[in-house]
Amino acid sequence: MALTIGIPRETAAGEKRVATVPEVVEKLIKLGFKVAVESGAGDGANCSDDAYRTVGAEIIVGAPKLWAASDIVFKVGVPTQEEVGLLREGGNLIGFIWPAQNPELMQQLAAKKATVLAIDCLPRMLSRAQKMDALTSQAGVAGYRAVIEAANAFGRFFNGQITAAGKVLPAKVFIAGAGVAGLAAIGTAAGLGAIVRANDTRAEVADQVKSLGGEFVKVEYEEEGGGGGGYAKVMSEGFQQAQREMYAKQAKEVDIIITTALIPGKPAPRLITAEMVQSMKPGSVIVDMAAERGGNCELTEPGKAVVKHGVTIVGYTDLNSRLAKQSSTLYGTNLFRLTEELCKTKDGIINVNMEDDAIRGLTVIKDGVITWPAPAPKLPAAATKPAAAKPAPAPAHGHGGGGAPTSAGKTAVIFGIAALMFLLVGAYAPAAFLGHFTVFVLACFVGYMVVWNVTPALHTPLMSVTNAISSIIAIGALVQIAPPLTEGLDRPDGWIRWLAVVGIALTAVNMFGGFAVTRRMLSMFRK
């Protein structure tokens with residue numbers, strides 16, 4: 001029997017997001033599930049009850065009835081104690097849980113014998129898990145909105161202008177942290193015309209910053225800051241001192257600072273001190289995206305926008321809810337992709353496969369048993385450089401003395417056989433065949449060497465174009481179909497002509513498909 005997915009109304013103050021949207025509900029129903037939505041759940045995200053009804057969802061009035069009717073509950077915010085009480089015995093819950101920060105909640109859910117999948121525990125290093133990565137999708141929205149909030153509080157244009165009324169200098173924006181949120185902020189600010197600078201403890205993100213139009217500001221202290229899973233680690237005191245000096249310098253120069261620094265399971269690191277705020281130009285803006293965890297700025301007041309020392313400090317903790325429709329759409333898509341993995345049979349029944357690394361990482365409670373933390377996923381072994389070959393010992397002289405290596409002998413035999421075959425072909429094959437055969441062999445060799453020496457990352461666009469180029473086969477097929485130009489030449493046999501027709505059809509697909517794939521790939525890199 002198909003399971004029912006329930007979408008309750010979020011109860012957290014200021015939370016406007018909803019766990020799924022009508023467009024995604026339609027896809028969930030195609031997987032075989034029934035979908036029930038609490039009345040008014042999507043109001044904050046501009047998703048009306050009628051919109052859900054139109055795509056086949058059932059609207060239920062009241063949270064108790066919704067939770068009681070749901071086999072699986074999709075949520076955005078961490079469930080409250082009251083919501084845990086409404087969860088069915090042995091039910092399923094999918095959403096943000098943050099098990100390290102909520103041990104009591106974990107015990108309460110375990111007591112309900114529930115199966116809980118925490119979307120925040122997804123192993124983000126697995127490439128196949130990216131489609132389910134709600135942390136990334138929500139961070140991208142928050143980074144975009146942070147720039148919009150900064151522009152709203154800032155008293156000037158972002159881009160520079162020269163008008164009859166005078167010259168307007170572009171705004172200078174400094175972004176602390178170049179994770180997903182930081183990169184989204186960099187792209188948005190650069191798109192608005194600002195001069196963008198950014199810093200991160202992970203040196204490898206410098207190229208990403210530059211590709212989005214920003215300038216990477218390096219801390220003059222050598223230390224690697226990658227902490228695994230896409231996060232940064234806690235740095236040494238020496239690095240932090242050098243970092244504070246760099247921040248102090250940037251605070252005096254820039255107009256807007258956006259901070260994004262967070263370390264899982266720890267309070268937000270303090271990056272901007274009161275003295276730095278005081279040194280900033282009047283009218284400057286700080287947007288502290290880590291306000292919910294205490295803030296990266298010493299003067300941040302979570303949930304508020306305050307003015308101190310002439311600087312507006314924005315500490316909103318609901319950046320995603322300020323773009324509720326977009327956030328809900330992305331989050332709903334992440335949960336749909338997860339549901340696809342749980343229901344590969346498309347019969348409305350989920351299978352929490354603990355042998356699957358992605359599902360195992362997400363599953364923090366299975367049938368009332370706490371399974372968090374999950375073991376590290378098995379990643380494919382990184383390719384290692386082969387060790388330098390040791391010189392072969394010199395062959396012994398005298399009786400029974402050595403000779404050439406075995407591999408060299410095999411190679412000589414292979415080349416000998418190949419040479420004999422070519423000799424036979426040259427001696428007995430017609431002259432016309434020999435010419436075509438030579439061209440064929442050379443084409444195979446050249447094509448192999450060209451493709452083999454291309455970086456694997458470029459194989460798809462390369463192959464799509466080479467497929468189109470190889471469609472010169474169509475010309476040969478047309479020659480076989482067309483009547484001979486010279487009198488006295490026989491038309492090809494009927495079966496050859498029909499093979500030529502099939503060849504033209506397949507080659508046309510190859511040709512147009514190759515250019516279509518290339519065009520789609522190139523469009524991904526255009527604005």
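Only a predicted model underlies this, so the values are computations on that prediction, with no experimental measurement involved.
Thr20 contributes no side-chain N or O that, together with a main-chain N or O of Thr333, makes up a donor-acceptor pair within less than 3.5 Å. Between the side chain of Lys366 and the backbone N or O of Thr371, no donor-acceptor pair lies under 3.5 Å. Under the 3.5 Å distance criterion, the side-chain polar atoms of Thr300 are left unmatched by any main-chain donor or acceptor of Gly295. Panel note: side chain Lys16, backbone Arg322; no donor-acceptor pair is recorded below 3.5 Å. A donor-acceptor pair under 3.5 Å is formed between the side chain of Asp120 and the backbone N or O of Ile97. Put simply, the side chain of Glu298 gets close to the backbone of Ala274: a donor and an acceptor are under 3.5 Å apart. Judged purely by atom type and a 3.5 angstrom limit, Asp255 has no side-chain atom pairing as donor or acceptor with the backbone of Ala171. Side chain of Asn199 to main chain of Val217: a donor-acceptor pair is present (N/O by atom type, distance under 3.5 Å, no hydrogens or angles). At distances below 3.5 Å, not a single donor-acceptor pair connects side-chain atoms of Asn320 with backbone N or O atoms of Ser327.
Each side-chain hydrogen bond (donor to acceptor under 3.5 Å, both in side chains) pair with one or both residues in residues 22-40, not counting sequence neighbours, appears once here: Ser39-Asp49.
Residue Lys249 places its NZ atom among 12 or fewer non-hydrogen atoms of other residues, nucleotides or ligands, all under 6.0 Å distant. Within a 6.0 Å radius of OH in Tyr144, other residues, nucleotides and ligands contribute 12 heavy atoms or fewer. Heavy atoms of other residues, nucleotides or ligands lying less than 6.0 angstrom from CD of Glu292 number 12 at most. No more than 12 heavy atoms of other residues, nucleotides or ligands sit less than 6.0 Å from atom CD of Glu104.
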Please assess Leu122 against Leu135 for the test side-chain contact (heavy atoms from CB on, under 4.5 Å), listing each intermediate value before the final yes or no. CA-CA 9 Å; Leu122 180 76; Leu135 286 174; over 6 Å; no
For Glu58 and Thr4: C-alpha separation, side-chain torsions, deciding distance, then whether side-chain contact (heavy atoms from CB on, under 4.5 Å) applies. CA-CA 10 Å; Glu58 178 187 2; Thr4 298; 5.8 Å; no
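With rounding to the nearest 0.5 Å, the separation of SG in Cys121 from CH2 in Trp98 is 8.0 Å. Between Phe154 atom CZ and Ile256 atom CD1 the span is 5.0 Å, to the nearest 0.5 Å. Interatomic distance, CG of Asp200 versus CZ of Phe216, reported as 6.0 Å (0.5 Å rounding).
Paired with Glu341 under the rule salt bridge (Lys or Arg N to Asp or Glu O under 4.0 Å), one option of Arg360, Lys346, Lys131 passes, and it is Lys131.
For Tyr247, the ring pair (Phe, Tyr, Trp, His ring centres under 6.0 Å) partners two or more places apart in sequence, or in a different chain, are Phe174.
Side-chain contact between Leu86 and Glu82 is absent, with no heavy atoms from C-beta onward closer than 4.5 Å. Looking at Asn334 and Leu338, their side chains never come closer than 4.5 Å, going by heavy atoms from C-beta outward.
Glu237 has a carboxylate O that lies under 4.0 Å from a charged side-chain N of Arg244, or vice versa, which qualifies the two as a salt bridge.
Ring pair Phe96/Tyr331: centre-to-centre distance below 6.0 Å.
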